[in-house]
Every structure is written in C-alpha cells, then in structure tokens.
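Data first, discussion second: the structure below is written as structure tokens.
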Amino acid sequence: MSSLKHILVVGNGMVGHHFVEQLVQQQENAEKSSDYKITVLSAEPRLAYDRVHLSEYFSGKTADDLALTTQAQYDDWSVDVMTNARVVDINKSEQTVELASGETIAYDKLVLATGSYPFVPPIKGNDQEHCLVYRTIEDLEAIQASASVSKTGVVIGGGLLGLEAANALKQLGLETHVVEFAPQLMAVQVDQGGGNVLKDKIEELGVKVHTQKATTEITKSDKARYKLNFSDGTELDTDLILFSAGIRPHDELAKVADLEMGERGGIVINNQCLTSDENIYAIGECALWNNFIFGLVAPGYQMAKVTATHLLGGDEAFTGADMSTKLKLMGVDVGSIGDAHGKTPMSQSYTFENQPEGVYKKIVVSEDKTKLLGAVLVGDTSEYDTLLQYMLNGIDLPEAPESLILPSAGEKPALGADALPDSAIICSCHNVSKGDIVTAVEQGACDVNQIKQCTKASTGCGGCAALVKTVTDNELAARGVEVNTDLCEHFAYSRTELYHIIKAEKIKTFDELLARHGKGLGCEICKPTAGSILASVWNDYVLEDSHLPLQDTNDLFLANMQKDGTYSVVPRIPGGEITPEKLITIGEVAKKYNLYTKITGGQRIDLFGARVEQLPDIWAELIDAGLETGHAYGKSLRTVKSCVGSTWCRYGVQDSVSMALLVENRYKGLRSPHKIKMAVSGCTRECAEAQSKDIGVIATDKGWNLYVCGNGGMKPRHADLFATDLDDVTLIKYIDRILMFYVATADRLQRTSVWLENLEGGLDYLKQVVIDDHLGINQELESQMAHVVGTYQCEWKTTIENPEKLKRFKHYVNSDKSDDNIVFVNEREQIRPARNEEKIPVKTIETI
C-alpha cells in the first residue's frame with residue numbers, strides 16, 4: 001500500500017488548476033521531495049480553461065484556445081484527473097468524498113476550489129427556454145444557439161460580468177440591451193461620474209443601457225419572444241435574456257460537511273486558507289476570508305499559492321488582496337484602483353472629465369495630499385500602472401497630485417522602474433513583484449517572453465503588460481544587456497531597421513520582405529507596419545494586389561468607416577481655400593446622396609453616411625469637379641490649416657494661404673507612422689493654431705518661424721520652436737528633412753510629439769540633424785521627399801479608372817443590394833444614424 005499522502009482537489013477552474021500548478025512547481029523546487037499524490041475532480045466535462053477571456057469564444061477562439069492545461073500536462077506532472085466528477089458529500093471523520101456516480105475517494109488533505117455560480121434573481125418567468133446564464137463554455141454554446149434564432153438580447157446586470165455578457169451578445173449580432181437595478185453601471189468598481197461616462201460610451205457603441213430598472217416578471221410578448229415588465233410600469237421586448245447579476249459561492253459541500261459558513265454564504269477560512277477542519281482548505285470564490293468573498297481571479301491565485309506553500313511546510317499567509325482592475329469592456333478602457341469611491345474618512349479627490357472625448361479620471365488622496373488612496377479611469381487608462389504603484393507602495397505624491405491625471409498640467413511626474421521598491425507588485429494576477437522580475441533577469445531571462453515563462457507575469461488578464469516590459473527593459477539595460485526591440489515574432493527588427501532594409505534592398509512587397517528577413521506568415525502588427533513603410537518609401541498605389549492584405553478597413557475602402565457601417569467622404573481642400581464651383585459640387589453631391597455635411601476644425605467639409613457601394617459614384621463626381629482625396633482614412637498628411645493672412649487681414653504680415661497651399665500640395669499623400677496635421681498663421685495672433693500641430697508655421701516680418709512636434713487630442717503637446725525668420729526655400733527644405741527623418745526613425749503608430757520626446761538628445765539633436773547635417777543624410781532625406789512628391793497620385797482617381805478595383809465596393813459579394821441594417825433619421829435638417837430604439841422593429845418568427 002502506498003505511503004504517499006493524498007491531496008484531493010475538488011474543482012478544476014482557474015484557481016483549482018493554479019493550485020495544482022503551484023504545488024507541482026514548489027515540490028520540484030523543494031530541497032527534498034515531498035510525499036504527496038494529487039488527484040483533481042472536475043465537475044465540468046473538460047479541464048481548466050480561461051474564464052477571464054471567455055468572451056473571446058464569440059470572436060473566433062475555440063475551447064482548445066481557452067484551455068489552460070491538457071491531459072498530457074497532468075500526466076507529465078503525475079496528477080490524476082477526473083472530469084464529469086461531481087462531488088455530492090464529504091465525510092470528515094472518514095476523510096472521504098462521495099461522487100454523484102456513487103464512487104468514494106479518500107483523502108489526507110482536501111482542497112475545495114468549487115468557485116461560484118451565477119446569481120439568477122427570483123423573477124417570475126426566469127426559468128424559460130431562452131433565459132440563460134454566462135459562466136461556462138457550455139453556457140456559451142447555449143447562448144450561441146439561442147442567438148441564432150433571436151434578434152434582440154437583454155443582459156440583466158450592469159456589472160463587470162454583465163458588460164462582458166453584453167459584448168458577447170453584440171458580437172453575435174443581436175440588438176443588445178443592459179438592464180441594471182442600480183443608478184449606474186459597474187457600481188462596485190467606479191463612481192457615479194465614471195459610471196455616467198461609461199454608459200455614454202457603451203451606448204455610442206450601439207448597446208442600450210437601462211439603469212434603475214427592477215424586473216418584476218418575464219412574460220410572453222407580441223413583438224418578440226419575451227417581455228420584461230419593470231416595477232416602474234415600463235417594459236422591454238426581447239428574444240433572449242442573459243442573467244449576469246452577480247455570483248454566489250458554490251458552498252453546498254461545506255454545508256453538508258458542517259464546515260463553518262458565513263451568514264450570507266461562503267466557506268470561512270483563516271490566513272492559511274484552512275477551513276474549520278484542519279484537513280480541509282478552501283480557495284477562490286467559494287472561500288470567505290475576513291467576511292469577504294473575492295470575485296477576481298488574482299486573489300484566488302494568491303490563496304492557491306498560500307495553500308500549496310502551507311501543505312509543504314511553509315509559512316506564507318493570505319492577508320487580503322488588492323481589488324484594483326484594468327480592463328477593456330466593449331472597446332472601452334476602464335480602470336479602478338483602491339478606494340475608488342472615496343470612502344476613507346477625510347479623503348479628498350481630484351476629478352478630470354473630457355466629455356467630447358468620453359474620458360473621466362478621478363484620484364482619491366489622503367487628507368494631507370501625500371498618498372494616493374484610489375482612482376477611477378474611464379476612456380483612457382494610460383496612467384493606470386503609475387497610479388497603481390503610487391497606491392500599492394505608499395509612494396509620496398508630487399506637490400500637485402492633479403498633475404497625474406490632468407493633460408493640461410504639463411509633463412506628468414515620472415515614476416520610472418527605479419522608483420519602485422522590489423516589493424512592488426507588478427502583476428497582481430500571479431502576485432509577481434518587481435523583485436521576482438529582477439531575480440528572473442539575474443538568473444538569465446533576457447526578454448519579456450522569458451520573464452513571462454519564469455514568473456507568469458502578464459499571463460493572466462494582461463493588464464500589466466506595459467509595466468512588465470518597462471521593468472524588464474530597465475533591469476536589462478542596467479546590466480548592459482541590449483533590449484529587444486523586435487517588431488513582432490515574425491521580424492527580429494525594429495520599425496526603423498525595417499525601414500532601412502526596405503529602402504536599401506529596394507524591397508517592394510511584404511512577401512519579399514518576409515522571405516528575405518522574416519519568418520512565418522505575418523500578423524496584425526507587422527503587416528500594416530510594412531504596408532506603411534512601403535507606402536512611405538515607394539509611394540505605390542495602396543490597393544495594388546500585393547499590398548491589399550496589409551491594409552486595414554479604412555485603407556481598403558479609401559474611406560473612414562463610421563459607427564453604423566457607413567463611410568465618410570473627405571475631399572482635400574488645401575489650406576481651406578476652395579472655389580465657389582467646387583463648393584457647389586460638394587453641396588450637390590451631399591444633396592444627391594443625402595449625406596450629413598460638416599465643416600471641420602481642420603478647414604475641410606466632411607460628408608457622412610455614404611454606403612460602400614455609393615463611394616465610387618460619389619468620388620467620380622467630385623474628381624470630375626477637380627477635387628482630390630483628403631486621405632482622411634490613412635496615416636498621412638490630413639490638413640494644413642490657415643488663416644486669411646496678409647491678403648485680407650489687417651494684422652497679417654505674410655501670405656499664409658499661399659504658403660499653406662504650397663505645403664499641403666507638397667506633402668499630400670505622404671504616408672507616415674501616424675497622421676500628420678499642419679497649420680500656417682499669417683501673424684503672431686495665431687488664428688490657425690499652428691503651435692498645436694505636428695508642423696506649425698507662423699509668419700514674422702522677416703519670414704517664417706517653424707514649430708515642430710505639437711499635437712492636440714487627448715494628450716495635447718505644445719509645439720517646440722525649431723527655427724526663426726526662415727525664407728520660403730529654407731522653410732520647405734527643413735520641413736522636408738524633418739518629415740522624412742520622422743518617417744525613417746519613428747516607431748509604429750508613434751505621433752511626432754512622442755517621437756521627439758523619445759529622441760535621444762531631443763530638440764537640440766533634431767536641430768543638429770536637420771540644420772547642421774550632423775548625420776550627413778540631408779541630401780538623402782530631400783531626395784526621398786522629392787520622390788514622394790513626384791509620384792503623388794489621388795488614390796480615388798486611380799481606383800475609379802480601374803474596373804477591377806471597383807468590384808470591392810459592394811456590400812454583398814453576390815448581390816447589388818444595400819445593407820438594410822443602415823437606418824437614418826433626420827435631425828437639424830440632416831441625417832444621422834438611427835439609435836436602436838428608433839429602428840423599425842422586426843417581429844421575431846418563433847421556431848418550433
């Protein structure tokens with residue numbers, strides 16, 4: 001008979017699997033071998049899978065893609081595992097468990113990792129056929145089947161899981177509603193202000209949100225399959241109902257075993273995750289620690305590690321967990337840190353809200369404004385990693401704490417990797433500290449992938465990926481190790497290196513580049529990057545067959561796709577100057593095709609609401625009138641804004657319109673790492689706002705002042721003064737050199753503002769390169785720009801003249817019909833996309 005002690009694990013979810021993983025690894029790393037045998041019982045028909053990314057099942061991932069382990073892995077670990085093995089009883093005195101099949105299994109130590117189940121509110125009618133929950137892969141299969149015979153879906157519950165469920169219904173093509181009892185979405189994680197912004201952003205994506213709604217009954221409907229009746233007398237028709245109103249601990253086994261329970265459920269545990277029985281542990285969402293159930297995976301992982309350590313004689317303790325979280329819900333960035341609601345006595349808060357951009361930020365600080373207690377971020381979570389480290393490590397705040405979230409507060413105080421103590425938790429999912437990463441580097445890990453393998457950092461929710469890379473690169477650099485700047489797994493080069501390879505070897509296609517210098521098939525990172533570089537260097541027609549696989553949707557259709565699936569039409573209006581004839585043509589086209597018409601801040605006229613099949617006809621009329629594409633769809637020059645200058649204005653000292661026309665006509669079509677905007681002002685009154693542009697030109701009585709690398713948007717940056725009192729020829733020469741140097745050296749999707757900030761030597765170095773020819777490349781930069789200028793083409797004109805290319809501008813491959821899901825309503829004498837409630841409802845046909 002075996003002398004091995006038997007550890008029995010009930011539950012093979014993410015936490016249960018992590019416990020097994022921790023126990024196996026800790027046994028391997030122990031100085032002496034342990035005498036434990038492990039058996040895992042899974043009530044589900046499959047082994048552990050990733051519930052955090054469950055919604056990705058509807059965007060193409062399979063059950064195998066979501067799997068966290070395999071039978072072969074467990075065999076390699078000498079771990080026995082049984083699926084479809086539901087435990088129904090625990091006999092503490094005999095130390096056995098009984099399965100639903102009647103089989104009895106003995107244990108020496110028992111670990112309950114039974115997790116939780118979705119709470120279904122006690123609503124009359126909640127048990128009907130298309131009333132579902134969102135928890136397991138089998139649940140997803142049921143949702144998918146129901147969605148295939150449904151048109152409308154409702155999620156009851158507006159918390160984190162509810163919004164994930166809503167995203168699933170949206171991905172399945174249903175008209176989607178979220179019903180929430182509370183006054184706001186995600187009431188646990190974000191405050192009222194953040195909840196309001198989140199609601200607006202989610203509704204912009206086509207999901208209707210109903211807050212402060214209590215469902216009293218689910219009945220049959222004449223307009224759909226079901227009808228939700230609310231306590232306020234209103235109702236909502238739907239075909240599918242998805243309950244996601246919170247979770248409840250799976251603690252039934254603890255009840256039958258008479259383990260200590262919380263008043264409202266949950267298995268009571270101590271700091272070693274032991275229950276009231278010395279041989280039984282509980283971890284994850286079934287466990288109640290200090291009267292608190294943790295609904296995130298990270299605390300469960302910490303419990304799993306503590307339990308494994310305790311079983312092997314260690315003294316680690318579970319003393320609570322940080323519930324901060326950063327996630328993307330339906331494309332909306334949301335971050336919640338610490339005391340997000342400001343419940344700490346005498347705490348104070350700073351709030352920033354940018355309604356046009358849909359951004360909300362709040363920090364909660366201590367009474368003396370020296371410590372960060374919490375934060376809420378909606379729409380932009382770029383400061384999340386920094387704020388989290390301030391809070392977790394008690395780092396003193398800067399003198400002006402608001403500078404951490406206010407874009408207008410100048411440069412944000414830097415919190416580099418060196419400022420973090422070794423105890424700083426970098427990855428909360430796997431409880432990986434900075435010290436763990438440092439140790440991994442010291443033991444030979446030399447890139448982020450190896451750090452992930454050694455520590456599991458960033459392999460959970462992935463929210464810490466940027467910080468993991470920062471800490472890793474910092475530690476490698478400190479040891480004199482060259483930091484890996486590979487573009488992706490297919491190319492062992494940076495974007496800058498690829499640019500020079502393409503140019504030096506005269507490579508004209510992605511396939512040629514991949515064959516010579518890459519591996520594999522390429523990905524969503526390297527394909528568009530290579531496409532951008534090829535366009536910058538050779539200025540080929542972007543819809544050439546060899547370039548087509550590299551383009552995103554906007555470039556494929558030479559138009560910006562809008563929220564309702566229509567496209568915008570943006571003719572170029574250089575310098576904002578336009579003849580009456582061209583203006584009339586734009587108006588006639590807008591009227592003929594019933595397009596929404598908007599004069600933009602960049603001095604263009606944008607036309608919205610064009611169906612894909614209408615684009616060639618619209619552009620044919622515009623081009624016949626002498627208009628050109630405005631490249632609003634590409635990473636290229638967008639506009640050159642100008643005032644009326646000395647021609648009309650009594651303050652103007654130079655002809656700003658003529659200069660703007662010269663600049664825009666010279667650089668139109670230039671493809672670059674990111675979009676570029678320019679402006680020319682006729683005097684220092686700056687009516688064209690040149691100092692907020694990538695290239696800004698301001699007239700003086702002696703010539704032109706040149707400003708570089710500014711931008712507006714979410715994080716405005718004031719442009720830097722580069723040179724003064726330039727004549728026309730020198731001005732253009734400098735702009736040529738700056739733009740081509742930027743195109744040659746910037747990272748993918750890097751704005752000029754960020755490029756300059758990251759350029760070693762900054763503005764002074766850029767002046768040395770451009771003005772002093774420090775690198776001896778100015779002639780080459782000018783030659784490259786001359787090639788771009790000389791090979792310019794209006795991509796729409798080229799497309800219209802090519803019957804083969806016009807074939808792609810059809811909504812359906814096999815039909816000339818339009819998309820009947822595109823519906824407009826009139827507002828302020830123009831069209832706009834219809835909201836869901838404004839569309840004519842289509843009665844669902846019941847299936848038998």
When you look at Leu404 and Leu397, which way does the side-chain contact (heavy atoms from CB on, under 4.5 Å) test go after all the steps?
CA-CA 9 Å; Leu404 294 172; Leu397 290 169; 3.7 Å; yes
Please check: side-chain N/O of [X] versus main-chain N/O of [Y], any donor-acceptor pairing under 3.5 Å?
X      : Y      : result
Thr381 : Leu377 : no
Ser349 : Val364 : no
Lys199 : Gln184 : no
Arg495 : Thr529 : no
Asp380 : Ser382 : yes
Gln302 : Ala321 : no
Asp747 : Gln750 : no
Gln348 : Glu367 : yes
Glu180 : Ala182 : yes
Asp720 : Phe722 : no

For a quick check under 3.5 Å, do [X] and [Y] share a side-chain donor-acceptor pair by atom type?
X      : Y      : result
Asn271 : Trp289 : yes
Asn393 : Gln389 : yes
Asp436 : Ser433 : yes
Tyr360 : Asn196 : no

Can you confirm whether more than 12 heavy atoms, excluding those of [X], are under 6.0 Å from its [atom1] atom?
X      : atom1 : result
Lys369 : NZ    : no
Asp368 : CG    : yes
Asp772 : CG    : yes
Lys677 : NZ    : no

Is the distance between the ring centroids of Tyr350 and Phe352 less than 6.0 Å?
no
What's the shortest heavy-atom distance between [X] and [Y], and which atoms?
X      : Y      : result
His341 : Val190 : CE1-O, 3.0 Å
Thr370 : Ser366 : N-OG, 3.3 Å
Gly266 : Pro249 : N-CG, 3.5 Å
Ala440 : Thr455 : CB-CG2, 4.1 Å
Met303 : Ala287 : SD-CB, 4.2 Å
Ser336 : Gln189 : OG-O, 2.6 Å

Would you please name every residue forming a side chain to side chain contact (heavy atoms under 4.5 Å, CB included) with Ile247, sequence neighbours left out?
Ser116, Arg135, Leu161, Glu285
Would you please name every residue forming a side chain to side chain contact (heavy atoms under 4.5 Å, CB included) with Phe119, sequence neighbours left out?
Pro121, Pro122, Ala245, Arg248
What do the steps show when you test Val708 against Thr752 for side-chain contact (heavy atoms from CB on, under 4.5 Å), and what is the final call?
CA-CA 8 Å; Val708 298; Thr752 60; over 6 Å; no
Stepwise side-chain contact (heavy atoms from CB on, under 4.5 Å) test for Cys454 and Gln443
CA-CA 10 Å; Cys454 294; Gln443 292 176 350; over 6 Å; no
Any side-chain heavy atom of [X] within less than 4.5 Å of one from [Y]?
X      : Y      : answer
Asn705 : Thr684 : no
Leu163 : Asn167 : no
Glu442 : Val438 : yes
His674 : Val754 : no
Val334 : Lys201 : no
Asp396 : Lys371 : yes
His310 : Cys273 : no
Pro401 : Ile363 : yes

Spacing of [X] atom [atom1] and [Y] atom [atom2] [to the nearest 0.5 Å]:
X      : Y      : atom1 : atom2 : value
Ile695 : Leu739 : CD1   : CG    : 5.0 Å
Leu23  : Phe19  : CG    : CZ    : 4.5 Å
Met678 : Arg638 : CE    : CZ    : 13.0 Å
Tyr765 : Leu775 : OH    : CG    : 4.0 Å
Glu383 : Ile405 : CD    : CD1   : 8.0 Å
Leu387 : Met391 : CG    : CE    : 9.5 Å

Give me the ring orientation class for Phe294 and Phe318: parallel if the planes are under 30° apart, tilted from 30 to 60°, perpendicular past 60°.
perpendicular
Assess whether side-chain contact (heavy atoms from CB on, under 4.5 Å) is satisfied between Gln26 and Thr309, documenting all intermediate values.
CA-CA 7 Å; Gln26 290 188 36; Thr309 303; 3.2 Å; yes
Can Asp333 and Lys326 be said to form a salt bridge (Lys or Arg N to Asp or Glu O under 4.0 Å), step by step?
CA-CA 8 Å; Asp333 292 312; Lys326 179 175 68 171; over 6 Å; no
Arg751/Asp694 ion pair, N-O < 4.0 Å:
yes
